[in-house]
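First up is the structure itself, then whatever we jot down about it.
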Amino acid sequence: MNLFRLQIHPQHLASFKAVAPVLYLLTGGVIAAWAYFSVASPQRVGHYLTLHQVLETLSIAVSALVFAVGWKAHSLNPQRNVLILACGFLGVAILDFSHMLSFAGMPDYITPNSVAKGINFWLPARYLGALTLLGAVALHWRVPGDAAAPGPGRFLVLALVLAVVAVIHAVVFLFPQWYPQTYDDQGLTRFKIASEYGVVALYAASLGVLLHWARERAAFDVARLFAAVWVMALSEFFFTFYVVATDPFNLLGHMYKVVGYYYLYRAIFVGTIEAPYRVLKQSDKAMRAVLDAVPDLMFEVTRDGRYVQIHTRQPELLLMPASEVVGRSIHDILPPAAAAVAQAAINAAAEQGLARDFQYALDLPDGQHWFELSVARKGMDDETDDHFVVLSRDITQRVQMLDTLRKLRHAVEQAPNSIFIAGADGNIEYVNPAFTATTGYSPEEVIGRNPRLLSAGATPASVYADLWAHLTSGRPWRGEFVNRRKGGGEYNESAIISPLHDEQGRITHYLAVQEDVTERRRDEERIRKLINFDALTGLPNRTMFASRFSQALALTQRSGHQLALLYLDLDHFKNVNDSLGHQVGDGLLIEIAHRLQSVVRDEDTVSRQGGDEFVIVLPLTDAQQAAHVADELQAQVRRICKLEHHELVVTSSIGIAMYPEDGGDFETLAQRADAAMFRAKESGRDTYRFFSADMQARSLRVLQIENALRSALVLGQLTLHYQPQIRLKDRRLVGVEALLRWTHPELGAVSPAEFIPVAESSGQILGIGEWVLRTALAQARQWRDAGHTELVVAVNLSMVQFRHPGLVDMVRRALADSNVPPQMLELELTESIAMDAPEQVIAIVRQLYDLGVQLSIDDFGTGYSSFSYIQRLKVHKLKIDQSFVRHLGEDPSAPHIVRAIIGLAQSLGLETIAEGVETVAQRDVLLGLGCDTGQGYHFSRPVPAADLQGLLTQGHAVLG
């Protein structure tokens with residue numbers, strides 16, 4: 001909708017422009033709310049009853065105001081439109097009041113309260129309001145003052161509305177069964193939704209009539225009435241969305257309704273009641289303008305200056321009482337200089353008919369006063385006797401003000417600070433010479449332009465937001481900008497900007513007094529660096545590090561993660577200073593500091609504690625990550641360092657303490673990291689040690705596994721075992737799951753639960769995962785060539801693999817290279833993968849689905865899944881986690897969850913497969929619950945492909 005492309009009468013254009021942004025915003029709010037809650041199930045709103053009652057009370061109060069003001073306005077200036085709106089919204093207020101009292105959770109209102117009962121009052125109120133608005137806008141609006149006196153007919157209208165309201169109450173209380181059902185356990189009924197759209201249709205009709213009125217001059221505020229109807233129509237959409245009576249849609253609808261009522265009040269009744277007062281005020285202002293034009297003193301004099309009449313409200317400005325002045329001449333009353341000016345003014349008026357701007361000064365008891373004369377010829381009594389009206393205004397204050405302004409101008413012109421004055425629109429109207437000296441811009445270059453031309457783009461947006469928050473509220477603002485001179489150089493400027501008000505309190509100008517503080521800020525920055533940073537390396541010193549550590553510790557405590565504190569000491573650094581001198585030693589420390597900073601993240605902090613000791617804090621870091629960082633730090637330190645003509649190689653010893661295991665504060669962690677560092681030196685240097693022996697062992701184990709895993713593929717240490725998947729109803733082999741196994745010559749058989757997380761964290765899972773897929777497909781090709789065309793091979797995908805952008809292409813290439821039909825491949829996704837970034841997951845799953853492969857969700861039920869979201873995933877199977885299967889056949893309550901999962905899968909058209917089946921009892925229970933497939937030790941352990949050959953050659957022999 002673009003209101004301004006319609007043929008709107010100029011009378012309404014400004015009002016439409018004022019309300020249009022609000023209408024755009026509220027319309028967008030409806031769309032955004034619908035879009036958001038269409039993918040995220042609305043939750044019940046806490047304290048909904050209180051919020052509902054507050055909003056309903058507001059709308060009832062506004063409806064009552066509409067009636068009170070409209071009824072009174074009709075008695076003063078009868079208009080049938082106003083009468084219809086007043087009486088109609090009295091009925092709306094009564095029905096809304098009964099709706100509020102009938103809402104579920106309130107004490108019973110005559111009959112038991114319920115959601116349906118509240119709706120039974122709600123719908124008539126909406127239709128009464130919509131019909132009232134349609135009737136009011138459809139009738140011709142009379143110009144105020146044209147209507148006749150009010151008659152008794154308005155009481156008939158009121159009685160009719162009250163009768164309708166009474167009938168509605170009687171039906172709701174006595175015959176609720178007459179109402180069609182509007183709300184049940186599933187939410188709103190179709191009748192309720194259709195009824196709300198019926199209200200929207202009535203509002204749409206009113207909007208059409210209002211658009212007709214908008215094309216011509218009207219006697220009412222069309223734009224705000226249009227806004228009222230539009231917003232009330234928007235509110236109705238919310239009442240078609242909600243499922244639960246206390247969800248956000250219902251609350252938003254009530255909020256929109258209050259806004260619509262506010263616009264209705266502003267559009268009709270405030271304007272109606274204000275109209276007479278506005279006319280009176282305008283008339284009063286016109287009269288005051290005439291009176292204000294009369295100077296303090298008014299005389300009627302003859303051509304020779306003889307006083308005929310005197311009119312004044314300030315007799316203290318006369319040199320003598322008015323009774324003594326009449327009949328005497330200006331030359332008798334005024335000092336000679338003043339009398340000469342007055343006579344000159346009379347002579348000028350005699351020749352030209354009017355004379356102005358004649359000024360003189362008089363010494364009165366309270367001091368010197370200046371007067372300005374305006375003289376006009378009044379008429380002629382006879383041929384020789386002209387009379388003149390002389391207006392003498394006391395301009396003493398003006399003269400004094402001009403004198404003060406001259407002094408102020410001189411002060412501003414000679415001030416050392418940069419000063420400029422901007423108008424209410426923000427554009428510059430005046431600058432002083434100091435402004436030109438500071439910025440390089442002449443007055444001609446900046447007057448009429450916005451001060452933003454000085455901005456260097458480095459001042460935060462929050463500064464400008466704070467500036468305007470102060471100025472628009474009438475308060476002065478003090479702060480700093482980073483500006484740019486005309487020549488291009490940046491400078492810091494401290495500013496005090498104040499709003500200037502007129503006599504009515506309105507902001508007319510802004511005054512800015514600014515000072516160039518560039519050098520002061522540079523000095524402060526140098527001092528700050530000396531206080532907080534190491535003078536040699538530029539790293540944070542002890543003081544700054546203490547603050548950074550506190551922040552890192554607070555972040556770690558809030559997140560519930562770990563924190564690592566590392567103490568790094570250079571090995572044999574004293575030899576460098578002793579043999580090559582402190583200059584080379586200092587250069588080495590600077591280089592080492594740069595290298596250490598290049599390793600850590602932005603949220604980490606490296607500090608030099610003195611000498612050759614450095615301390616590093618790593619928030620949100622576990623022991624494995626800390627060990628990796630320590631390795632990288634030591635690798636950076638031992639790189640060749642070229643200083644002057646020397647090539648130096650140094651090593652380092654690092655001690656690591658972990659929060660919260662090794663301590664809860666800096667002092668404790670520092671002591672223990674220092675102790676661990678000395679343990680590293682005792683172990684031969686160029687190594688790291690944890691303070692905790694267990695953590696050190698775990699770290700070494702992880703690193704050992706990670707390093708060994710890098711060559712596992714090349715050395716052929718990885719193999720695949722396959723665990724059969726058995727169709728329960730006929731106990732036949734229908735598929736296998738490929739499971740990765742690793743046997744190392746020194747480590748032995750390493751559990752997948754141990755090496756898979758290491759492979760994921762180190763990134764090796766991508767290469768290993770592709771090997772697993774291709775190996776499984778190669779085996780599937782052999783089985784297919786042997787005639788086992790219906791066998792499905794399942795391969796697991798890790799979170800790291802699934803997040804990799806090349807996953808779909810990798811699967812496509814592997815299928816093409818193996819020449820295996822896509823339906824023989826099943827990819828298993830864990831539930832945690834499926835719930836991570838849902839929309840992105842859905843897109844990837846659909847691409848895999850389009851390849852033709854089968855998809856299953858592994859470990860289903862162990863996480864949190866939205867059923868509507870699972871429905872959008874194009875998967876074929878749900879895999880029941882073994883934790884739900886373990887107690888089947890033993891615990892009578894155990895089958896409940898499994899039955900629910902199977903029921904969900906069947907309702908979505910998905911197969912189910914249970915893992916961890918170890919007993920006959922478990923198998924039988926699963927078969928009875930309708931599970932399709934089973935997998936577990938009861939049927940077979942995971943075995944090499946060759947061990948399955950016997951089962952396969954027997955034609956998928958029966959198992960279990």
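Since this is a predicted model, take the numbers as computed values, not measurements. The analysis underlying the following values was restricted to heavy atoms, covering all of them including side chains, and did not include hydrogens, waters or symmetry mates.
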Got a second to check how far [X]'s [atom1] is from [Y]'s [atom2], nearest 0.5 Å?
X      : Y      : atom1 : atom2 : result
Asp817 : Leu773 : CG    : CG    : 10.0 Å
Ile897 : His887 : CD1   : NE2   : 10.5 Å
Leu565 : Ile656 : CG    : CD1   : 10.0 Å
Gln882 : Arg886 : CD    : CZ    : 5.5 Å
Glu915 : Phe884 : CD    : CZ    : 10.5 Å
Ser940 : Ile726 : OG    : CD1   : 8.0 Å

- Test log, rule side chain to side chain contact (heavy atoms under 4.5 Å, CB included), inputs Glu661 and Gln562: CA-CA 9 Å; Glu661 292 86 348; Gln562 293 176 286; 2.5 Å; yes
Donor-acceptor pair, side chain of [X] and main chain of [Y], under 3.5 angstrom:
X      : Y      : answer
Asp924 : Ala921 : no
Arg558 : Leu553 : no
Thr775 : Val772 : no
Asp622 : Gln625 : yes
Thr621 : Pro619 : yes

How far apart are the closest heavy atoms of [X] and [Y], and which atoms are they?
X      : Y      : value
Thr668 : Asp662 : CG2-O, 3.6 Å
Asp858 : Lys879 : OD1-CD, 3.3 Å
Phe691 : Arg679 : O-NH1, 3.3 Å
Leu747 : Ala708 : CD1-CB, 4.3 Å
Ile768 : Ala759 : CD1-CB, 4.2 Å
Ser652 : Gln634 : O-NE2, 3.1 Å

Of all residues at least two apart in sequence or in a different chain, which pass the side chain to side chain contact (heavy atoms under 4.5 Å, CB included) check with [X]?
X      : value
Gln782 : Gln779
Leu766 : Val800, Gln801, His804
Asp674 : Tyr567, Met677, Phe678
Ala780 : Val793, Val820, Met824

Tell me, do [X] and [Y] make a side-chain contact under 4.5 Å, heavy atoms counted?
X      : Y      : result
Leu739 : Tyr722 : no
Ile880 : Ile902 : yes
Arg784 : Pro821 : yes
Phe614 : Asp569 : no
Val599 : Arg595 : no
Leu807 : Leu797 : yes
His938 : Gln922 : no
Ile640 : Glu647 : yes

- With sequence neighbours left out, write down each residue that passes side-chain hydrogen bond (donor to acceptor under 3.5 Å, both in side chains) with Ser653, or none if nothing qualifies. Asp571
- Query: Should we count CZ of Arg941 as having more than 12 external heavy atoms under 6.0 Å?
  - Reply: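 Counting other residues, nucleotides and ligands, CZ of Arg941 stays at 12 neighbours or fewer.
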Under the salt bridge (charged side-chain N to carboxylate O under 4.0 Å, His left out) test, residues paired with [X] that sit two or more places apart:
X      : result
Asp947 : none
Glu706 : Arg710
Asp785 : Arg781
Glu754 : Arg701

- For residues 902-914, pull every pair meeting salt bridge (Lys or Arg N to Asp or Glu O under 4.0 Å), keeping only residues two or more places apart or in separate chains. none
Any luck finding a side-chain donor-acceptor pair between [X] and [Y] under 3.5 Å?
X      : Y      : value
Gln725 : Gln935 : yes
Gln723 : Tyr937 : no
Arg741 : Ser751 : no
Glu737 : Asn796 : yes

Donor-acceptor pairs under 3.5 angstrom involving side-chain atoms of residues 842-856: please list them, not counting sequence neighbours.
unit_1: Gln854; atom_1: NE2; unit_2: Gln823; atom_2: O; d: 3.1
unit_1: Ser856; atom_1: OG; unit_2: Glu826; atom_2: OE2; d: 3.0

- Message: Determine whether Thr687 and Arg689 satisfy the following criterion, side-chain hydrogen bond (donor to acceptor under 3.5 Å, both in side chains), listing intermediate values before the conclusion.
- Response: CA-CA 7 Å; Thr687 187; Arg689 287 291 182 267; 3.3 Å; yes
- Task: List the steps and the verdict of salt bridge (Lys or Arg N to Asp or Glu O under 4.0 Å) for Arg638 and Asp686.
- Result: CA-CA 9 Å; Arg638 73 170 68 95; Asp686 194 22; 2.9 Å; yes
- Item | ring pair (Phe, Tyr, Trp, His ring centres under 6.0 Å) contacts touching residues 897-920 (sequence neighbours left out) |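 The answer is none; no pair qualifies.
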